[in-house]
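Data block below; observations after.
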Amino acid sequence: DVKVTQSSRYLVKRTGEKVFLECVQDMDHENMFWYRQDPGLGLRLIYFSYDVKMKEKGDIPEGYSVSREKKERFSLILESASTNQTSMYLCASRDPGRGTEAFFGQGTRLTVV
Amino acid sequence: AQRVTQPEKLLSVFKGAPVELKCNYSYSGSPELFWYVQYSRQRLQLLLRHISRESIKGFTADLNKGETSFHLKKPFAQEEDSAMYYCALSVSYNNNDMRFGAGTRLTVKP
């Protein structure tokens, strides 16, 4: 069973804090993704990584950064959390071959107060 | 960048009725298209992919390149089909990133 594990299910942080969301996958996938999921907006791509230390901006990278020092781990960093970053964050991993399935973590519900 | 549009945020049908969830995409090359589903309190999971031309849980989807659409269909909806459905597009030119639509919440009434 492919496992994509996000370090926290729920997080509450204060405005201005630096926040780390961690994601680990155990299937040696090359591609990893961070999305935020908001009602009415669906899943919006924040960043993705196609190899260790390689990253690409998605559609909404502002206010976020990422780190991929090891193949199995992809971290999302909120440099200075703001209330408009309150959301559900989903991590996914996938092999880059044609038609391959993406596997998702359970999500982290982040509330910034 | 490639885009996915799901025009219906909410869709409600009665059990046994046909259902169609619409998905349109914008990409001029050869796309990879998927439908993902999220049942209540569960992770997002793959429902089907166009490359397999498969039927899963009675659902099918046909890629129409002329209309740039990948609509999801089921002839007879069941209550257990109630869920959030997302259409997704992946393109190989950009390291196989994957983008999703806004999603359609399907409710199947008894």
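Owing to the predicted nature of the structure, the values given are computational and were not obtained by experimental measurement. Reminder, nothing fancy here: chain letters follow the sequence lines and each chain counts from 1.
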**Request:** Give the member of A:L90, A:D38, A:L41 that has the highest number of heavy-atom pairs under 4.5 Å with chain B.
**Result:** A:L41
[X] versus [Y]: any side-chain heavy-atom pair under 4.5 Å?
X	Y	answer
B:D97	A:N31	no
B:M98	A:Y35	yes
A:R44	B:R99	no

**Request:** Enumerate by number any residue of residues 104-113 of chain A whose heavy atoms lie under 4.5 Å from heavy atoms of chain B; in the absence of such residues, state 'none'.
**Result:** A:F104, A:G105, A:Q106
Engaged part of [X] at the chain B interface, taking heavy atoms whose separation is under 4.5 Å:
X	answer
A:L43	both
A:D59	both
A:E30	neither

**B:R43 side-chain N/O to A:F103 backbone N/O, donor-acceptor pair under 3.5 Å** = no
If you group Ile, Leu, Val, Met, Phe, Trp and Tyr by side-chain heavy-atom gaps below 4.5 Å, do [X] and [Y] land in one group?
X	Y	answer
B:L63	B:L48	yes
B:L72	B:Y25	yes
A:Y47	A:I60	yes
B:V19	B:W35	yes
B:L21	B:I56	yes

**Complete:** From the list B:R105, B:Q38, B:Q6, the residue making the most non-hydrogen contacts under 4.5 Å with chain A is B:Q38
**Request:** For A:K55, enumerate each residue passing the salt bridge (charged side-chain N to carboxylate O under 4.0 Å, His left out) test, keeping only those at least two apart in sequence or located in another chain.
**Result:** none
**Prompt:** For A:E79, which residues count as a salt bridge (charged side-chain N to carboxylate O under 4.0 Å, His left out) partner, sequence neighbours excluded?
**Reply:** A:K18
Heavy atoms from other residues, nucleotides or ligands near [atom1] of [X] exceed 12 (cutoff 6.0 Å):
X	atom1	answer
A:R9	CZ	yes
B:K109	NZ	yes
B:K73	NZ	no
B:F14	CZ	no
B:E80	CD	yes

**Item:** Ion pair B:E32/A:R94, N-O distance below 4.0 Å
**Value:** yes
**Item:** Residues of residues 83-90 of chain B contacting chain A, heavy-atom criterion under 4.5 Å, by residue number
**Value:** B:Y86, B:S90
**Fill in**
When every non-hydrogen atom of A:G40 is compared with those of B:A102, the smallest separation belongs to O-CB, 3.7 Å
